Number of protein chains: 4
Amino acid sequence: MSNFRNHVQLIGNVGEDPKITLLDGGRKVARFPMATNEYYTNNQGEKIQNTDWHQVVAWGKTADILEKYTAKGSEIGVQGKIKTRSYTTEDGNQRFVTEIVADEVLLMGSKAAQEASEPKTPRSKSTKKTSAKKDA
Amino acid sequence: MSNFRNHVQLIGNVGEDPKITLLDGGRKVARFPMATNEYYTNNQGEKIQNTDWHQVVAWGKTADILEKYTAKGSEIGVQGKIKTRSYTTEDGNQRFVTEIVADEVLLMGSKAAQEASEPKTPRSKSTKKTSAKKDA
Amino acid sequence: MSNFRNHVQLIGNVGEDPKITLLDGGRKVARFPMATNEYYTNNQGEKIQNTDWHQVVAWGKTADILEKYTAKGSEIGVQGKIKTRSYTTEDGNQRFVTEIVADEVLLMGSKAAQEASEPKTPRSKSTKKTSAKKDA
Amino acid sequence: MSNFRNHVQLIGNVGEDPKITLLDGGRKVARFPMATNEYYTNNQGEKIQNTDWHQVVAWGKTADILEKYTAKGSEIGVQGKIKTRSYTTEDGNQRFVTEIVADEVLLMGSKAAQEASEPKTPRSKSTKKTSAKKDA
DNA sequence: TTTT
DNA sequence: TTTT
């Protein structure tokens, strides 16, 4: 229900190898810059590339996937939400950082996607999976 | 990872009370028609409303929410994927039905949303929740 | 082609009346803060509301709609892209601002939507329009 | 304003060369089947690929891009809306077809995207264009 | 700070 | 078969 009201999707390239941090509770965090490119032809007929940079953060399983399957340059997709944090600088000023908190990662190319395929974690736990959804 | 490649979002009205079915394993299914409306002014300056109808299916927890909080006429949002099933008619012909398999429901209006708020089911199970994500 | 790689959707409330600016060329800009709310029940069973704030910018026709139909408190949806601008402070430091550049606005409630319905092909004015897209 | 309430995104492969039709008014239509794949590991630890098929239709400029840059097997993304049409068979029965009406196409790989980059404000031709949107 |  |  959360991601409906605050939903972001980016498709582009990992700008640096994801920086992995292990928190006290054993929870993993991945952080990296990501570039999205837009291509268009301007009024003078020149082909223009416009790049936007984003700070991406991911937790838990999503951080695992990023750690294992992505590196600087990887083409990926990311879904998540926008979050602006504030912090105080040493000299007492307030600053803001806007980050994309990713909860899904798409590895471009089906090979990578297949390798990274994880056991599903369905909403409700059924020991025996009915095939109702599958044969739909 | 699934919903990136096949992703649908509808905002509109429930056309009939969701029909709830309990499957053998205790799993719940909700089915209902949903209308999405588009408004525009045509070339003659007339205001036009164009309605599209969709067959929505939801499972488990999402079906619970639909059962409890929606009825004919409810304004909701739905996120999920498109799935076309085929079946064979009595006289041996193949037919297709396209359904929206919903995995998220948005109840319009914040009151409904608050009532329906469920315990989070985070990707990885931590007994003690760090507040790391909160203050991000 | 642009909004695929850098795509944001927010549903929430206008935090302040949109501030309208007219640029030299006659082009209009609207700026306003927007809140998105997330509702969930925490481990202690408490209902929590978590609010994120976003700076939204809109141009041209989208700014027109915002000016006419929204005010502080309005419930709206916004689609667009994320853009981080940098600027230099008076004392020579570089700062970053992340904004949501909106290209679509959704007025919640069908009444508002109908009132605001504009001739299609909205970005630029074309006198004559085929209805080919309608009969798809 | 339309695509907010009825919005689809597919990332996958073109199943057949797009079939191009020219309508009376000179307007172009492209039609093709598109596959989206989902990868996951089932309870038995087997890697499963699940494929969904979609009928995609595109008009005008979007059809142009599909005609020029895609063929059977191309990896593309598509954004648009869901539309269910009904028609009557020769023997007088009503049938339904659900199609994805695409208004954006994403060519995977930045090379293709750059080649296909078109002048902005694509829906209709405007001679003069301000660059106001760029400096947002 | 990415990619072609 | 919804909503205003």
Side-chain angles (χ1 to χ4, degrees), chain A residues 10-19 31-40 47-56 66 70-78 97 99-100 105-109 112, chain B residues 10-19 31-40 47-56 66 70-78 97 99-100 107-109 112, chain C residues 1 4-6 69 75 84 86 94 96 106-117, chain D residues 1 4-6 69 75 84 86 94 96 106-117:
Chain A
L10 306 174
I11 296 179
N13 297 280
V14 173
E16 292 292 340
D17 287 0
K19 211 174 72 188
R31 290 182 179 275
F32 61 96
M34 180 172 170
T36 54
N37 296 297
E38 189 180 351
Y39 307 97
Y40 63 95
K47 302 226 159 186
I48 305 289
Q49 168 177 327
N50 178 51
T51 302
D52 287 303
W53 284 96
H54 315 271
Q55 296 306 319
V56 183
L66 287 161
T70 69
K72 179 172 175 169
S74 301
E75 191 183 8
I76 64 168
V78 141
V97 207
E99 293 169 324
I100 307 308
V105 173
L106 175 72
L107 304 173
M108 290 321 200
Chain B
L10 305 175
I11 296 179
N13 297 279
V14 173
E16 293 292 340
D17 287 359
K19 210 174 71 189
R31 290 181 179 275
F32 60 96
M34 179 171 171
T36 55
N37 296 296
E38 190 182 349
Y39 307 97
Y40 64 95
K47 302 225 162 186
I48 305 288
Q49 169 177 326
N50 178 51
T51 302
D52 287 304
W53 284 96
H54 314 272
Q55 297 307 318
V56 182
L66 287 161
T70 69
K72 180 173 176 170
S74 300
E75 192 185 6
I76 64 167
V78 140
V97 206
E99 294 168 323
I100 308 308
L107 304 173
M108 290 321 199
Chain C
M1 192 115 49
F4 219 121
R5 294 188 169 92
N6 178 349
Y69 299 104
E75 192 185 6
T84 298
S86 79
Q94 200 186 20
F96 297 90
L106 175 72
L107 305 172
M108 289 320 195
S110 48
K111 213 186 330 172
Q114 271 178 284
E115 275 179 36
S117 67
Chain D
M1 192 114 52
F4 219 119
R5 294 189 168 90
N6 178 349
Y69 299 105
E75 193 186 5
T84 297
S86 79
Q94 199 186 22
F96 297 90
L106 176 71
L107 304 172
M108 291 318 198
S110 48
K111 214 186 329 171
Q114 271 178 285
E115 275 178 34
S117 68

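Remember, predicted model here, so these are calculated numbers, not experimental data. Naming: A, B, ... by sequence-line order, numbering from 1 per chain.
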Rounded interatomic separation in angstrom, taking CZ from D:R5 and P from F:dT2 | 18 Å
Provide, to the nearest angstrom, the distance between the CE atom belonging to A:M108 and the P atom belonging to E:dT4.
-> 14 Å
Would you say the side-chain atoms of B:N50 pair up with the backbone N or O of B:E38, donor to acceptor, closer than 3.5 Å?
-> no
Checking C:N6 side chain against A:T36 main chain: does a donor-acceptor pair fall under 3.5 Å?
-> no
Whole angstrom value for the distance that separates P of E:dT3 from OH of A:Y39 = 11 Å
How many Å lie between CD1 on A:I11 and P on E:dT3, as a whole number?
-> 17 Å
Using atom CD of B:Q55 as one end and atom P of F:dT2 as the other, report the distance to the nearest whole Å.
-> 13 Å
Closest to side chain of B:A35, choosing from E:dT3, E:dT2, F:dT2 | F:dT2
Per atom distances to the A:W53 side chain, the nearest of E:dT1, F:dT3, F:dT1 is E:dT1
With heavy atoms under 4.0 Å as the rule, sort B:G12 into base, sugar-phosphate or nothing.
-> nothing
Which heavy-atom pair separates A:H54 from A:I100 by the least distance, and what is that distance?
-> CB-CG1, 4.2 Å
Candidate nucleotides F:dT1, E:dT1, E:dT4, ranked by approach to the side chain of A:P33 - the nearest = E:dT1
Whole angstrom is fine here: how far is it from CD in A:E16 over to C1' in E:dT1?
-> 5 Å
Under 3.5 Å donor-acceptor pair, A:N13 side-chain atoms to E:dT1 base atoms = no
Can you tell me the distance, in whole Å, between the CD1 atom of B:I48 and the P atom of F:dT3?
-> 20 Å
Which nucleotide, E:dT2, F:dT2, E:dT1, lies nearest any side-chain atom of A:T51?
-> E:dT2
CG of B:D17 versus C1' of F:dT1: gap in Å, rounded?
-> 12 Å
Closest non-hydrogen atom pair between B:A71 and B:P18, with its separation = CA-CD, 4.1 Å
Test item: B:T70 side-chain N/O and B:L66 main-chain N/O as donor-acceptor pair under 3.5 Å | yes
